[in-house]
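Accompanying notes for the structure given below.
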Protein chains: 2
Amino acid sequence: MASPAGRPRSPRARDVRWRGALAVLEEMRREPGVTRAAVARRLGLSTGSATEITARLRDLRLLAETPVAAAGRGRPTTALTPHPDGPLVIAVDLRQEDWRCAVAPLDGRPEVAAAGTHHSRDPARVAGTVGRAVRDLHRRHGDRVVGVSVAIAATVRHGRVVQSSVLGWDAVDLAALAPDPRLPLLIGNDATLAGLAEARRGVAAGAATVLHITVEVGVGGTLVVDGRPVDGAGGAGGEFGHLPFGDPGLRCPCGARGCWDLEVDGRAIARHLGDPPPADPRSYAERVLARAPADPAARAAVGAAARGLAGGIAGLVNALDPAVVTLGGLAESLRAAAEPEFGRTLAGGLMRFRRADPPAVVAAALGRDGPLHGAVVTALDHVLTEAGLAAWAAHRSPA
Amino acid sequence: MASPAGRPRSPRARDVRWRGALAVLEEMRREPGVTRAAVARRLGLSTGSATEITARLRDLRLLAETPVAAAGRGRPTTALTPHPDGPLVIAVDLRQEDWRCAVAPLDGRPEVAAAGTHHSRDPARVAGTVGRAVRDLHRRHGDRVVGVSVAIAATVRHGRVVQSSVLGWDAVDLAALAPDPRLPLLIGNDATLAGLAEARRGVAAGAATVLHITVEVGVGGTLVVDGRPVDGAGGAGGEFGHLPFGDPGLRCPCGARGCWDLEVDGRAIARHLGDPPPADPRSYAERVLARAPADPAARAAVGAAARGLAGGIAGLVNALDPAVVTLGGLAESLRAAAEPEFGRTLAGGLMRFRRADPPAVVAAALGRDGPLHGAVVTALDHVLTEAGLAAWAAHRSPA
DNA sequence: CGATTAAACTCGTGCCACGAGCATAAAGGA
DNA sequence: TCCTTTATGCTCGTGGCACGAGTTTAATCG
């Protein structure tokens with residue numbers, strides 16, 4: 001198989017080695033269980049190329065082919081699936097009070113393998129617990145593991161946690177989560193990753209420009225263009241909650257004034273109801289939402305928050321022109337609870353020429369699994385590159 | 001040179017035909033006048049590949065090599081320049097009262113070839129005048145012309161002008177500007193294109209995430225990520241002026257309320273001075289800026305507008321995390337005239353963790369040539385693709 | 001004017017994808 | 001049951017791009 005006469009090529013920047021193979025793997029990922037024939041058709045590959053590429057990928061333990069129930073006449077084709085001994089990524093979702101670890105093969109479907117709760121505000125202890133779970137999975141799967149990706153309810157910049165009001169953390173180094181320093185460790189904001197997941201695998205799959213907005217404590221989200229989050233120079237984009245859409249008289253814990261955050265979440269609802277600022281704005285908001293159908297004051301407060309949400313979204317639509325807006329967390333609950341106000345305010349905030357053709361505003365499909373799916377997406381984005389495949393091929397040469 | 005035995009390859013999606021050639025042409029474009037040796041080093045090409053690629057491109061009239069003054073010992077290399085009979089793009093900048101047409105070769109340096117003024121509010125007449133100039137250039141350069149790109153002071157969506165308050169136009173079809181229906185005609189917003197030009201060739205060249213903000217009548221601009229403007233599903237992104245950063249009591253001509261537009265331009269200055277709304281907010285603002293150094297009331301009004309500008313920029317930095325912010329048009333004038341207020345408000349509007357490492361805020365370098373340069377950039381982005389080169393090679397086979 | 005140096009040119013080779021022709025595995029019909 | 005139809009997979013010769021070692025070329029330096 002290796003070069004019989006000359007020496008093997010050294011890898012080069014302009015190299016073409018993995019082009020076809022990558023395209024095939026991306027198709028498998030985009031639509032788990034596609035058949036080989038369908039992939040070849042879609043990519044415009046000749047049957048000869050398809051044969052060669054799949055054979056190569058099988059030898060490298062990157063995919064397997066499973067027979068598929070015959071669909072009409074003709075020679076039956078096979079379904080492309082991740083190789084049973086192929087690469088895996090570990091995804092972690094670290095939330096306010098709990099965490100989950102999952103493992104996913106190249107088709108990007110995570111399987112939760114460990115979970116737990118944490119009530120500690122001590123970052124080191126939490127990182128220790130989660131790190132043990134990750135190391136455990138790494139031991140179990142050996143060098144099949146090619147990356148670790150963490151979704152966390154925190155502001156992340158240059159791969160480091162900068163702060164988290166939800167977790168009550170300041171800057172924290174999560175390098176301890178990597179079971180092996182040679183493994184890439186990716187850290188991402190949970191709302192950004194949830195938006196990424198919606199754009200790639202959720203309701204907005206296929207749309208080129210997707211705006212994801214979620215409300216938990218404050219507003220988060222991301223713009224996803226062509227499947228990649230627009231997260232800025234340091235990856236700390238998507239902090240939409242700190243756009244000054246709100247009352248300039250209100251000071252935000254972030255240090256600025258008039259932040260949108262303060263107009264939308266449980267803190268806004270408490271203000272409208274004349275309640276003191278809630279310790280946990282998220283659960284406070286849920287309680288008010290629950291009693292809103294029967295309680296006019298609660299309903300009015302929810303309506304005000306929904307208007308605050310819709311007005312900001314309208315502005316972002318004006319500025320960013322997304323094809324779809326996806327709503328996660330309390331954002332969807334607020335809209336559902338106060339649909340009339342939400343719809344009116346959204347339409348009224350759009351520039352006139354946009355009103356004829358506004359973007360669809362839809363509920364996120366992945367729910368609380370969004371961040372976990374997003375973590376898998378980013379991890380696989382690293383694996384499914386020329387460099388990633390070359391590294392895999394290097395330490396696992398063909399049988 | 002063509003296949004001696006087999007038949008020529010048909011083009012395919014996974015084809016590799018233009019990979020190296022495109023990389024070389026992009027280098028020539030990025031740094032006009034680079035030497036062939038430098039390009040080969042940068043791209044990691046062997047000298048053999050460099051020889052072959054340049055020969056191929058020379059045969060296709062895509063580049064020429066000119067001897068270069070010897071720089072030290074060794075065999076002298078050559079500079080890569082656009083071929084004297086190579087492809088050209090036509091760029092148009094259509095502004096409030098005047099227009100310019102330029103021609104640019106593959107190095108992306110436009111040369112203005114025609115210009116004029118228009119005081120008509122009749123879109124058809126303006127399009128007629130400019131269209132004649134374009135057709136004239138097309139006749140002069142024949143089939144060397146491979147694209148036409150227009151920068152216009154208007155909202156553009158899906159390649160069509162939707163409205164322009166500056167020009168006083170409603171929806172207008174500019175298809176008449178194309179001298180030949182087979183030529184690609186690209187229409188873009190002037191502020192978006194100016195931002196693109198700054199990010200690719202101006203002060204922000206090299207930065208991965210650039211936020212460009214310009215003020216003329218209202219606020220425009222764009223976010224540019226990895227050299228591509230983030231302009232949304234229909235290309236109508238960048239309308240930052242219609243983010244609701246302002247007084248919700250003010251109604252904007254766009255149909256929404258509280259638009260940032262109204263806090264920043266000549267209309268805002270007039271409000272602060274108690275003047276009636278100016279007919280031409282741009283020249284009104286310039287007059288007030290001119291007398292601000294000597295006139296405390298004018299200075300205060302300018303300061304208020306500068307604060308409105310800086311507060312909004314701070315919010316956008318929070319949300320988008322750019323590495324650089326470039327200021328064009330009156331935005332730079334406002335900052336320069338009211339530096340203290342601008343700086344204070346900008347810093348105060350940033351989230352606390354960003355204050356330690358804020359983005360550089362710099363004046364745009366290309367000035368009024370920005371939109372023209374941006375139009376050239378988009379046109380060449382279309383030419384310098386596999387499809388673009390294949391089309392060029394098809395109708396001009398090698399000598 | 002030869003030594004040195006940087007770069008260009010030549011040429012044999014590997015690798016990927018193509019595509020025509022052949023082989024194969026199912027369904028459908030006689 | 002057997003032949004036909006249909007869709008697919010496999011084999012193999014070919015083209016095209018880039019590599020890289022060896023050679024040539026055009027400059028400067030001593």
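Convention: sequence-line order gives letters A, B, ...; per-chain numbering from 1.
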Q. Which of the following nucleotides, D:dA27, C:dA8, D:dA18, is nearest to the side chain of B:Pro76?
A. D:dA27

(Q) Holding to side chain to side chain contact (heavy atoms under 4.5 Å, CB included), I want the full list of residues that pass it with A:Arg75, two or more places apart in sequence or in another chain. (A) none

Q) Taking CG from B:Leu43 and C1' from C:dA7, how many angstroms apart are they, rounded to a whole number? A) 16 Å

**Q.** Protein-nucleotide distance (A:Arg19, atom CZ; C:dA17, atom P), rounded to Å
**A.** 9 Å

(Q) Rounded to whole Å, how long is the line connecting atom CZ of A:Arg17 with atom P of D:dC19? (A) 12 Å

**Q.** Nearest listed nucleotide, side chain of B:Ser49, among C:dA17, D:dC19, C:dA23
**A.** D:dC19

Q) Any side-chain N or O of B:Arg41 under 4.0 Å from OP1/OP2 of C:dA7? A) yes

Q) Checking all strands, does A:Thr51 fall into the base, sugar-phosphate, or nothing category for heavy-atom contacts under 4.0 angstrom? A) base

Q) With sequence neighbours left out, what residues match B:Arg201 under side chain to side chain contact (heavy atoms under 4.5 Å, CB included)? A) B:Pro32, B:Arg109, B:His373, B:Val377

Q. With a 4.5 Å heavy-atom cut-off, do B:Leu88 and B:Val146 have their side chains touching?
A. no

Q: Choose from C:dT5, C:dA27, C:dA8 the nucleotide whose nearest atom is closest to any side-chain atom of B:Arg73.
A: C:dT5

Q.
Tell me the interatomic distance from A:Glu52, atom CD, to C:dG19, atom P, rounded to whole angstroms.
A. 14 Å

Q | Euclidean distance, atom CG of residue A:Leu22 to atom P of C:dA17 [Å, nearest integer] | A | 10 Å

Q. When the distance from CZ of A:Arg58 to P of D:dG9 is rounded to whole Å, what number comes out?
A. 11 Å

Q.
Taking any heavy-atom pair under 4.0 Å as a contact, classify A:Thr47: base, sugar-phosphate, or nothing.
A. base

Q) What's the CZ-P distance between A:Arg56 and C:dG14, to the nearest Å? A) 16 Å

Q. How is A:Gly48 classified with respect to the nucleic acid when contacts are heavy atoms under 4.0 Å: base, sugar-phosphate, or nothing?
A. base

**Q.** Nucleotide nearest A:Ser46 (side chain, heavy atoms from C-beta), chosen from C:dT4, C:dG19, D:dA18
**A.** C:dG19

Q.
Tell me which residues in residues 30-38 of chain A lie within less than 4.0 Å of DNA chain C, going by non-hydrogen atoms.
A. none

Q. Considering residues at least two apart in sequence or located in another chain, which fulfil the side-chain hydrogen bond (donor to acceptor under 3.5 Å, both in side chains) criterion with A:Glu52?
A. A:Arg56

Q: Grab the CG-P distance between A:Leu45 and D:dG9 for me, whole Å please.
A: 12 Å

Q. Excluding sequence neighbours, so at least two apart, what forms side chain to side chain contact (heavy atoms under 4.5 Å, CB included) with B:Arg140?
A. B:Asp136, B:Leu137

Q: Decide yes or no for B:Arg42 and B:Glu27: does some side-chain heavy atom of the first lie under 4.5 Å from some side-chain heavy atom of the second?
A: yes

(Q) Applying salt bridge (Lys or Arg N to Asp or Glu O under 4.0 Å), can you list everything that pairs with A:Asp381, at least two apart in sequence or on another chain? (A) A:Arg29, A:Arg200

